[in-house]
Amino acid sequence: MKWIKTIIFFNILLLQSETAVTQSILKDVQYDGKDTSIQKMDIYIPATNKFRTILFLHEGSLLGGDKKDKPLEDIAKKFQSNGICFVSANYRLGPQYKWPSQAEDVCTAFEWLKKNLSKYQGDTSGIFIMGHSSGGFLAAIVSTDSK
């Protein structure tokens with residue numbers, strides 16, 4: 001009888017280890033397929049399966065700002081600890097890059113997430129776009145464009 005309990009215990013342990021997901025942070029993930037220093041994002045993956053994701057866009061009047069600005073990392077970790085993936089993305093900035101390069105970058109980041117989140121056990125049908133100030137403007141523009 002003792003050996004049956006031992007076998008059951010190890011089977012349960014193996015099942016748990018196969019389905020366990022670890023919390024992780026992926027920094028400076030290139031989302032445009034090119035090797036540039038601009039189009040990168042930080043991905044805060046929670047320790048859950050089939051998680052929802054927020055693609056967050058920073059402020060800066062389309063001229064400045066960065067995914068590393070305070071307090072974005074603290075906000076990202078709070079979402080992550082509550083089972084929500086938080087993605088903070090950079091995009092090309094003016095005046096060097098003209099409109100609509102910023103909106104195009106957001107679309108490219110969203111497309112990357114749709115193609116790749118399932119590798120990390122994410123729900124690709126549950127991606128939400130939001131931002132602060134000009135990031136909110138970009139989220140609204142991209143979310144309401146039929147393309």
Side-chain angles (χ1 to χ4, degrees), residues 8-147:
I8 291 171
F9 171 76
F10 281 113
N11 282 334
I12 290 171
L13 189 62
L14 283 173
L15 284 172
Q16 286 178 342
S17 66
E18 287 179 25
T19 58
V21 179
T22 58
Q23 183 170 293
S24 61
I25 300 171
L26 306 175
K27 293 279 192 171
D28 294 323
V29 174
Q30 192 72 42
Y31 65 79
D32 71 341
K34 301 171 188 160
D35 190 20
T36 66
S37 61
I38 300 167
Q39 291 120 321
K40 294 183 179 181
M41 56 187 163
D42 295 342
I43 306 171
Y44 296 78
I45 301 170
T48 58
N49 286 315
K50 297 294 181 192
F51 53 78
R52 304 294 180 147
T53 300
I54 293 172
L55 171 57
F56 185 86
L57 309 166
H58 63 77
E59 75 286 348
S61 303
L62 304 178
L63 301 170
D66 192 278
K67 64 183 175 59
K68 296 176 183 168
D69 289 347
K70 298 267 182 199
L72 285 180
E73 187 170 20
D74 294 336
I75 294 168
K77 288 179 179 179
K78 188 70 168 172
F79 276 99
Q80 182 186 36
S81 68
N82 284 290
I84 298 169
C85 180
F86 191 92
V87 179
S88 183
N90 275 347
Y91 48 86
R92 291 175 287 174
L93 301 170
Q96 181 180 0
Y97 297 98
K98 303 294 180 203
W99 181 263
S101 61
Q102 298 84 1
E104 290 167 353
D105 286 354
V106 175
C107 291
T108 303
F110 182 82
E111 182 179 4
W112 189 96
L113 291 170
K114 289 286 281 183
K115 287 181 182 176
N116 293 287
L117 272 179
S118 59
K119 294 176 189 175
Y120 307 102
Q121 312 307 321
D123 177 2
T124 58
S125 68
I127 303 171
F128 302 89
I129 305 174
M130 63 183 280
H132 176 251
S133 190
S134 58
F137 165 72
L138 285 172
I141 292 292
V142 169
S143 298
T144 57
D145 189 332
S146 61
K147 295 182 232 173

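Because only heavy atoms are used, hydrogens play no part in the values below, and waters and symmetry mates are left out as well, while side chains stay in. Just so we're clear, the structure is a prediction, and the values are computed from it rather than from any experiment.
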query: Is there a salt bridge (Lys or Arg N to Asp or Glu O under 4.0 Å) between D123 and R52 once you walk through the steps?
result: CA-CA 6 Å; D123 177 2; R52 304 294 180 147; 3.7 Å; yes

field: From CD1 (I127) to CG (L55), nearest 0.5 Å
entry: 8.0 Å

field: Side chains of I84 and P46 in contact at under 4.5 Å (non-hydrogen atoms)
entry: no

- prompt: Got a donor-acceptor contact below 3.5 angstrom from the Q30 side chain to the Q39 backbone?
  reply: yes

message: Are the side chains of F56 and I75 in contact, using a 4.5 Å heavy-atom criterion?
response: no

message: Going by the rule side chain to side chain donor-acceptor pair (under 3.5 Å), which residues pair with Q102 if we only count those two or more places apart in sequence or in a different chain?
response: none

query: Tell me, which pairs form a ring-ring contact (aromatic ring centres under 6.0 Å, His included) where one or both residues lie in residues 123-147, sequence neighbours left out?
result: W99-F137

- prompt: What are the two closest heavy atoms between G65 and L93, and how far apart are they?
  reply: O-CD1, 3.9 Å

- prompt: What distance do L117 atom CG and I45 atom CD1 have between them, rounded to the nearest 0.5 Å?
  reply: 7.5 Å

task: Supply the atom-to-atom distance S81 OG to Q23 CD, rounded to the nearest 0.5 angstrom.
output: 7.0 Å

task: Please identify each residue that fulfils side chain to side chain donor-acceptor pair (under 3.5 Å) with K115, with sequence neighbours left out.
output: E111

message: Please give me the minimum heavy-atom distance between Y91 and G135, naming the atom from each residue.
response: OH-N, 4.4 Å

message: Return the OG to CE distance between S143 and M130, rounded to the nearest 0.5 Å.
response: 11.5 Å

- prompt: Got a second to check how far S133's OG is from L62's CG, nearest 0.5 Å?
  reply: 8.5 Å

query: What distance do S88 atom OG and I25 atom CD1 have between them, rounded to the nearest 0.5 Å?
result: 11.5 Å

message: Between S134 (side chain only) and G60 (backbone N and O only), is there a donor and an acceptor less than 3.5 Å apart?
response: yes

- prompt: Just wondering, do D32 and D105 contact through their side chains at under 4.5 Å, heavy atoms?
  reply: no

- request: If a pair satisfies salt bridge (Lys or Arg N to Asp or Glu O under 4.0 Å) and one of its residues is in residues 54-67, list it, with sequence neighbours excluded.
  value: D28-K67, D42-K67

task: Return yes if some donor-acceptor pair links the side-chain N/O of Y31 with the main-chain N/O of N90 below 3.5 Å, else return no.
output: yes

Partners passing side chain to side chain donor-acceptor pair (under 3.5 Å) against K119 (at least two apart in sequence or in another chain): N116

query: Do you know the tightest heavy-atom contact between I129 and A139?
result: CG2-CB, 3.6 Å

- request: Mind checking ring pair (Phe, Tyr, Trp, His ring centres under 6.0 Å) for F79 and listing every partner two or more places apart, or none if nothing turns up?
  value: F86

- prompt: Can you check side-chain contact (heavy atoms from CB on, under 4.5 Å) on Y120 and I43, steps first, answer last?
  reply: CA-CA 10 Å; Y120 307 102; I43 306 171; 5.5 Å; no

Minimum side-chain heavy-atom gap F110-V142 below 4.5 Å: no

- prompt: Among K77, K78, K27, Q80, which residue meets the side chain to side chain donor-acceptor pair (under 3.5 Å) test with Y44?
  reply: K27

